[in-house]
Amino acid sequence: MAQSASASGPQRTERIEAELVPMSAWAAPGSTAVVAVRQTIKPGWHTYWRNPGDSGGATTLTWTTPQGVKAGDIVWPLPERQRLAGLMNYGYSGEAYLPVPVEIPATARAGTVLPLTVRALFFVCSAEMCVPEELTLRLDVPVREGAAPLDPRHGAAITRVLESAPRPAGIEARLALENGALVLSAAGGPLAGRDPGPSYFFPFRGGVVGHAAAQTGAWGPRGLTLRLEPGGATRADGLTGPVEGVLATAHGAFEIRAEPGTALAGTSGSGDLAAAPDGGADAARADKPGLAVFLQAVLFAVLGGVILNLMPCVFPILAMKAAALAASAHDARHARRDGLAFLAGVLTTFLLLAGVLLALRAAGEAVGWGFQLQSPPVMAGLALLMLAVALNLSSVFHVGAGLQGAGSGPLARLPGGLGAFFTGVLAVVVAAPCTAPFMAFALGAALVMPWPLALVVFLGLGLGLALPYVAVSLTPGLLARLPRPGPWMERLKGLLAFPLYATALWLAWVFGRQAGADALALLFAAGVLLALGLWLVGGAQAERTAGRRGVLHLTAGAAALLLAAGAGWLAAVAPAGIPVTEPGEGPAGLRSAPWSPSAVEAALAEGRPVLVNFTADWCVTCKINERTSLTSPGVAAAMERANAVYLVGDWTRRDDAITAELQRHGRSGVPLYLLYSPGSPEPRILPQLLTEGVVVDALKPAGD
């Protein structure tokens, strides 16, 4: 949870307390002062070094300083090694200081005060979960002439951190890839002429070495040699340049820059290096909980995927599933094929979307689950695709021959396994962004795990989504209960087209909210041309069935489809205009304001409860909750009695601030409902499926 500090002093959440503290009693004009972010971390939790290791994220500081005052980079203390379920993280526990040099301009006047403000983002993690915590810290630095004494509370501790912090020490280093291992040799400076004792290399960049692998080696008269396991980036690309990091020994820690090259002379031959401890008993005890969290995340992912089938987001896809089941109900071989093909489509799409999501997040992008529906081009393409599928079910044109039965004619659906696979793809792309119960924990945990474990969690979610359909398709007894093929199948198929027409309209509406009225008009034109083109193609198919060539219909249809593609492309790339509708009052007159951390803080400062709704126009569950619960007359009356403020965080288009806030509460997508009460440090998280009674009951204690 983000907090703001209007005055200096500690700021805290349930997991961490942080404070901006000085090393010296004052700062002199033209000098470099040192301040530090002091962390007091709850037992069982930790924060991270500049390279967090196999999971987590480094602490980041964003400064606001007076004109002429410049804050430098963090002087990182040597981190602890924290082993967790076969992973290795680098970070801090207990109390930790992160010193930062601050340049004071020569123009600063003695007797004045320089206010320093920093927004600190910590990833605070335990063996079971990881929570981003943002705190705003402030320190007023007095300006005086002359050398300043150490601050009596924190000066000595910050001095010790600076004295022991890794720094360059004239060490020459080389790194070579030999027989599948990285050989790091370091010589000179403080390493020469003595046994360095237990030694370990902390790379500044992830992916260079295997963090969790043991580091063994030897020492010699000039230095030492370490054998390291290559990381994923090194195995993929080899050594492409120098590698920088910290070499920790029994006699101190030193920054080194290892150039590619063969081992330096005099760095082995005197004996083997003693093994460096890596976390001790506490880390060993963390192994089991870490594995338990991973297994729990997989289980919750499967359960969340199963429940996702009951969410409103999936209703359009149920129409396509029902058509496929009806078609193959009395052909066990085809039913099994379709079930497994649907599963393959779901799992493949989950892997692709999860891979893109994890890659974007690794590159520093603030994206969450459902990011694909924040793109207007994707929404335009999906709207036209759903329209085409609906027209296919309405027998406007045919794809494939389907099953024959009792005079029913060809079933207008995609051919067999390909159609089932395609249905699985659509199920994930359209339905998965709306989260279901149990999904929140699973996705939140996956996004802080190493990518191989995260992909397993996402596959569990896909398995759960596909499981009911696959189970039915593999159960002949259930399929046999359906009526045999006949004319009813054509009527059912036509009826099931209408949920898809509704889906196409919904996607077009969301597109209009994202891109504006002009782009929506172009998309409507593309839809009309698409329908005309497919109708003409269907006419050509009918002509060929009657023995005629149907060239005129086919040519005209192809031209209309090309025009539809052009109009769709123009709609997708059109500059964003004014949204078709603007936020206003809800159906019951409940007024809302845009969400921001400052809006929450301002309302709480007035002693008012705050109800926050993180939503998106493409989230059907969100919209149903809003229509049935959040804006009902009963909720409006309860909000008025509690004197509560209603804030809406709209995630329809990408918003990094909302993404970060979702992550702080362990979520990767919407909906998310938070209820803040004055005097309470953390908000209450309401269920994802709301009723009027749930909201009204939650507001009662908040307004007391």
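- More than 12 heavy-atom neighbours from other residues, nucleotides or ligands sit within 6.0 angstrom of CZ on Arg167.
- Here Glu244 pairs with Arg257 in a salt bridge; the nearest charged N to carboxylate O distance falls below 4.0 Å.
- Taking each heavy atom of Ala58 and Phe123 in turn, the nearest pair found is O-CD1, 4.2 Å.
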Pair Leu191-His251, side-chain contact (heavy atoms from CB on, under 4.5 Å): steps then yes or no: CA-CA 9 Å; Leu191 301 179; His251 307 296; over 6 Å; no

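- The closest side-chain donor-acceptor pair between Thr32 and Glu103, if any, does not fall under 3.5 angstrom.
- Of all non-hydrogen atoms in Gly57 and Pro52, the two that sit nearest each other are N-CB, 3.8 Å.
- Checked against the 6.0 Å centroid threshold, Phe202 and Tyr90 count as a close aromatic pair.
- The pair Glu172-Arg174 meets the salt-bridge criterion, with a side-chain N (NZ, NE, NH1 or NH2) lying under 4.0 Å from an Asp/Glu carboxylate O.
- For the side-chain contact (heavy atoms from CB on, under 4.5 Å) criterion with Pro101, the lone passing option out of Val75, Ile74, Val35 is Val75.
- When all heavy atoms are compared, the tightest approach of Pro99 to Leu162 is CB-CD2, 3.7 Å.
- Between the Asp151 side chain and the Ala25 main chain, no donor and acceptor come within less than 3.5 Å of each other.
- You'll find the side chain of Val100 reaches within 4.5 Å of the side chain of Trp63, heavy atoms only.
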Audit row: Val246, Ile256, side-chain contact (heavy atoms from CB on, under 4.5 Å) steps and yes/no: CA-CA 6 Å; Val246 170; Ile256 62 172; over 6 Å; no

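- In this structure a side-chain-to-backbone donor-acceptor pair under 3.5 Å is present from Asp54 to Met88.
- By the side-chain contact (heavy atoms from CB on, under 4.5 Å) test, Glu17 pairs with Pro10, Arg12, Arg38, Thr40, sequence neighbours left out.
- For the atom pair Trp45 CH2 and Glu14 CD, the distance stands at 8.5 Å (nearest 0.5 Å).
- With Trp26 contributing its side chain and Gly146 its backbone, the two residues share a donor-acceptor pair below 3.5 Å.
- Distance check: Ser270 OG to Asp195 CG gives 8.5 Å after rounding to the nearest 0.5 Å.
- For the pair Leu224/Thr249, a side-chain contact is recorded, criterion being any heavy-atom separation below 4.5 Å from C-beta on.
- Using a distance-only test at 3.5 Å, with no hydrogens or angles considered, no donor-acceptor pair links the side chain of Arg222 to the main chain of Gly193.
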Derivation and outcome, side-chain hydrogen bond (donor to acceptor under 3.5 Å, both in side chains), residues Thr47 and Gln39: CA-CA 9 Å; Thr47 58; Gln39 308 170 61; 2.8 Å; yes

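- Side-chain contact between Pro29 and Glu145 is present, with at least one heavy-atom pair separated by less than 4.5 Å.
- A donor-acceptor pair is defined here as one N or O able to donate and one able to accept, closer than 3.5 Å; such a pair exists between the side chain of His46 and the backbone of Cys125.
- Note that CG of Leu226 is 9.0 Å distant from CZ of Phe201, once rounded to the nearest 0.5 Å.
- Between the side chain of Ser164 and the backbone N or O of Arg160, at least one donor-acceptor pair lies under 3.5 Å.
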Residue pair Leu61, Val37: steps toward the side-chain contact (heavy atoms from CB on, under 4.5 Å) verdict: CA-CA 9 Å; Leu61 304 178; Val37 174; 3.9 Å; yes

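- Across all their heavy atoms, Arg144 and Ala110 have their closest contact at CA-CB, 4.2 Å.
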Worked check of side-chain contact (heavy atoms from CB on, under 4.5 Å) between Val298 and Val456: CA-CA 7 Å; Val298 174; Val456 174; 4.1 Å; yes

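- Between Pro77 and Leu98 there is a side-chain heavy-atom pair separated by less than 4.5 Å.
- The distance from atom CZ of Arg81 to atom CH2 of Trp49, rounded to the nearest 0.5 Å, is 11.5 Å.
- Val143 has its side chain within reach of Leu114: a pair of non-hydrogen atoms, C-beta onward, lies under 4.5 Å apart.
- Between Val118 and the choices Thr136, Leu137, Leu135, the side-chain contact (heavy atoms from CB on, under 4.5 Å) rule is met once, by Leu137.
- Arg205 contributes no side-chain N or O that, together with a main-chain N or O of Val243, makes up a donor-acceptor pair within less than 3.5 Å.
- Between Arg138 and Pro115, the shortest heavy-atom contact is NH2-CB, 3.5 Å.
- Side-chain contact between Leu273 and Pro198 is absent, with no heavy-atom pair separated by less than 4.5 Å.
- A distance of 9.0 Å separates OG in Ser598 from CH2 in Trp595, rounded to the nearest 0.5 Å.
- Between atom OG1 of residue Thr216 and atom CG of residue Asp272 there is a gap of 8.5 Å, rounded to the nearest 0.5 Å.
- No side-chain heavy atom of Leu184 sits less than 4.5 Å from a side-chain heavy atom of Thr225.
- In this structure, the side chains of Ile171 and Phe254 come closer than 4.5 Å at one or more pairs of heavy atoms.
- For Leu78 against Tyr92, the heavy-atom pair with the smallest separation is O-CE2, 3.8 Å.
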